[in-house]
Amino acid sequence: MSYQRILVAIDLSDEAEDVIAAAAKQATLQKQAAIHLVTVIKPLHSGLGGLDAGGSAAMAKLEADLRKNAEQALQAHAQKLNIPPDAVHLKTGNPAQEIKATAKEIQADLIVIGTHGRHGLGLLLGSTANGVLHGVECDVLTVRIH
């Protein structure tokens, strides 16, 4: 299969390099398919167990700082591969849903995403990679990260 647009979903951890390397290899094999990068920031209020912290000025500043740091990290990855700014996507929300929406938006042929390869209960509970895999219309390449 020939891929024209590859969406690389990264979480900005150290393991992102492995996922990006796998995507770059696929792009080279596909005669320089276009690479798009996406990372998704979970809203801070989603991790606060229902506490209403959305109106707090400190919370707003923290979210702005997190977004700024994510933008800088994402741009650094993009520069290494000469990915243009319009192919770099920073989203906020549920990672699996936002990755799938971005893939649809850019008409991706392939999504490359890392997975920790969890087993047992972790597999039953799901992961971002598992969430992306189900319900997406294009191919998905998972890269095992350790």
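One is the number of the first residue; the rest follow in order along the sequence.
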Exercise. Taking it one step at a time, do Glu105 and Lys91 satisfy salt bridge (charged side-chain N to carboxylate O under 4.0 Å, His left out)?
Worked result: CA-CA 13 Å; Glu105 175 186 319; Lys91 306 287 184 164; 3.4 Å; yes
Problem set entry | Evaluation steps, side-chain contact (heavy atoms from CB on, under 4.5 Å), between Ile113 and Val140 | CA-CA 8 Å; Ile113 189 168; Val140 178; 4.0 Å; yes
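Annotation: side chain of Cys138 is not in contact with side chain of Leu110 (no heavy-atom distance under 4.5 Å). Proximity of Val40 to Thr92: side-chain heavy atoms (C-beta onward) are nowhere separated by under 4.5 Å. Between Glu98 and Val38 the shortest side-chain heavy-atom distance does not fall below 4.5 Å.
At a threshold of 4.5 Å between side-chain heavy atoms, the hydrophobic network of Ile, Leu, Val, Met, Phe, Trp and Tyr places Leu141 and Ile99 in two separate groups. When the side chains of ILVMFWY residues are joined at heavy-atom separations under 4.5 Å, either directly or via intervening members, Ile83 and Leu7 end up in two distinct hydrophobic clusters. Ile6 and Leu29 sit in two unconnected hydrophobic clusters of ILVMFWY residues. Membership requires side-chain heavy atoms under 4.5 Å apart, directly or through other members. Each of Val8 and Ile106 belongs to its own hydrophobic cluster when Ile, Leu, Val, Met, Phe, Trp and Tyr are linked at side-chain heavy-atom distances under 4.5 angstrom.
Here the closest non-hydrogen pair linking Ala70 and Ile41 is CB-CD1, 3.8 Å. Closest approach of Ser13 and Asp11 over heavy atoms only: OG-OD1, 2.6 Å. Taking each heavy atom of Val19 and Ala9 in turn, the nearest pair found is CG1-O, 3.9 Å. For Ile111 against Ala103, the heavy-atom pair with the smallest separation is CD1-CB, 3.6 Å. Closest of all the heavy-atom pairs between Ala87 and Ile35 is CB-O, 3.6 Å.
Taking Lys80 as the reference, Glu17 meet the salt bridge (charged side-chain N to carboxylate O under 4.0 Å, His left out) condition, with sequence neighbours excluded. Under the rule for a side chain to side chain contact (heavy atoms under 4.5 Å, CB included), the partners of Leu74 that lie at least two apart in sequence or sit in another chain are Ile10, Leu12, Leu37, Thr39, Val88, Leu90. A search for side chain to side chain donor-acceptor pair (under 3.5 Å) contacts involving Lys61 returns Asp65, not counting sequence neighbours. Applying the side chain to side chain contact (heavy atoms under 4.5 Å, CB included) rule to Asp109 yields the partners Tyr3, Gln4, Arg5; only residues at least two apart in sequence or on another chain are considered. With sequence neighbours left out, the ring-ring contact (aromatic ring centres under 6.0 Å, His included) criterion links His77 to no other residue.
A distance of 11.5 Å separates OG1 of Thr115 from CD of Glu15, quoted to the nearest 0.5 Å. Rounding to the nearest 0.5 Å gives a distance of 12.0 Å between NZ of Lys100 and OG1 of Thr102.
Within 6.0 Å of CD on Glu137 lie no more than 12 heavy atoms contributed by other residues, nucleotides or ligands.
Identified under the ring pair (Phe, Tyr, Trp, His ring centres under 6.0 Å) test for residues 80-101, with sequence neighbours left out: His36-His89.
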